[in-house]
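Just so we're on the same page: letters track the sequence lines, and every chain starts at 1. What you are looking at is a predicted structure, and each value in this text was computed from that prediction instead of being measured.
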Amino acid sequence: MPELPEVETIRRILTTGTEEAPSIIGQCVRTTELLWERTLAYPSPEEFARELPGQQVLGLGRRGKFLIIKFSQDSLVFHLRMSGDLGMSLVSEPARHDRLRVIFESGWVLSFNDTRKFGRAWLVKDPEELLEGLGPEPTSVELDGVCFGRRLGQKNRQIKPLLMDQHFLSGLGNIYTDEALFRAGIHPARLSWSLSEGEAERLLEAIRETLEDGIRHNGSSIDWVYRGGNFQNYFRVYQQTGNACPVCGQTIQKIVLGQRGTHFCEHCQPFKKG
DNA sequence: CCTGAAACCTGTCTGC
DNA sequence: TGCAGACAGGTTTCAG
């Protein structure tokens, strides 16, 4: 899926509008179209179709990888998973892979396009209920190096899968986790409790810097999922298997951890036991 | 508690 | 050219 920077980029685009499309804020719903039933996680298709028309968009939010569109009565929450995307257009007919559309009185259409059909949408009164199990935002001011280190110490898990666990920390996916671990000089298979206080502090900083960079470049566009961002041009290890490490020149390795392709530099990210 | 496999899907790329 | 298999930005569930 899109990870935190991609979701944040979409949130900003929908909020401010672009040269091609207006802001979604203030738009009033005329009707909805559900093109793939399983995309709607809640409520029933009938209730969804009945509930949304007439409601106006008040604002947009994001929590981890969830995008929240606040309407006058309800909130429409999206999780884009692997291939989801959201955008405004004037097209009257659904595009290939459009799964859910919200048609506004103005004629503009919000389309949820999702090739792999893993994405989900919820229309709820209170998004908090849906999001309560999520770990802290990486940028939360309440999360400091000491606190982060303490939480790492309470777990006996490989650091990479732990960072990707949305109950532990929200927003990181495969790309940004590999990039952050490289930046922090930490081997992805290190056990979480084995990190020193200094390493934990450096890791949290690296996570924040990596996400900021991603957002600054409007996220990453890879494979056939192009969203206009260009952070993919700044990957240091992700998808760089066989290439020279930008820091030391040693060959970037690829292994599998937690069923996910994992890229790192053996020299810059040495494996250390406890 | 922790790890790995499988499931949910479609599309692309690689190798025979 | 054709086809099988691997792999892909994620999450959940289940077995061991």
For DNA chain B, the dot-bracket pattern of Watson-Crick and G-U pairs whose distances stay under 3.5 Å, | for other-strand partners: .|||||||.|||||||
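- Comparing the C1' positions of B:dC8 and C:dC3 gives an interatomic distance of 24 Å, to the nearest angstrom.
- A close approach under 4.0 Å does occur between a side-chain nitrogen or oxygen of A:R96 and OP1 or OP2 of B:dG11.
- When the side-chain nitrogen and oxygen atoms of A:K254 are compared with OP1 and OP2 of C:dC7, none of them lie within a distance under 4.0 Å.
- In terms of phosphate contacts, A:Q166 brings a side-chain nitrogen or oxygen within less than 4.0 Å of OP1 or OP2 of C:dT11.
- Taking side-chain N and O atoms only, A:H97 has no distance below 4.0 Å to OP1 or OP2 of B:dT10.
- Counting distance only, with no hydrogens placed and no angle test, the side-chain atoms of A:E6 and the base atoms of C:dG9 include a donor-acceptor pair under 3.5 Å.
- Around CZ of A:F271, the count of heavy atoms belonging to other residues, nucleotides or ligands within 6.0 Å exceeds 12.
- To the nearest whole angstrom, the two P atoms, one in B:dC9 and one in C:dT13, are 15 Å apart.
- OP1 or OP2 of B:dC1 has not a single side-chain nitrogen or oxygen of A:N156 nearer than 4.0 Å.
- Of the side-chain N and O atoms in A:R157, one or more sit less than 4.0 angstrom from OP1 or OP2 of B:dT3.
- For the pair A:R38 and B:dC9, the criterion of a side-chain N or O lying under 4.0 Å from OP1 or OP2 is met.
- Counting any heavy atom pair closer than 4.0 Å across all strands shown, A:Y176 reaches no nucleic acid atom.
- Contacts between residues 117-134 of chain A and DNA chain B, counted as heavy-atom distances below 4.0 Å, involve A:K117, A:F118.
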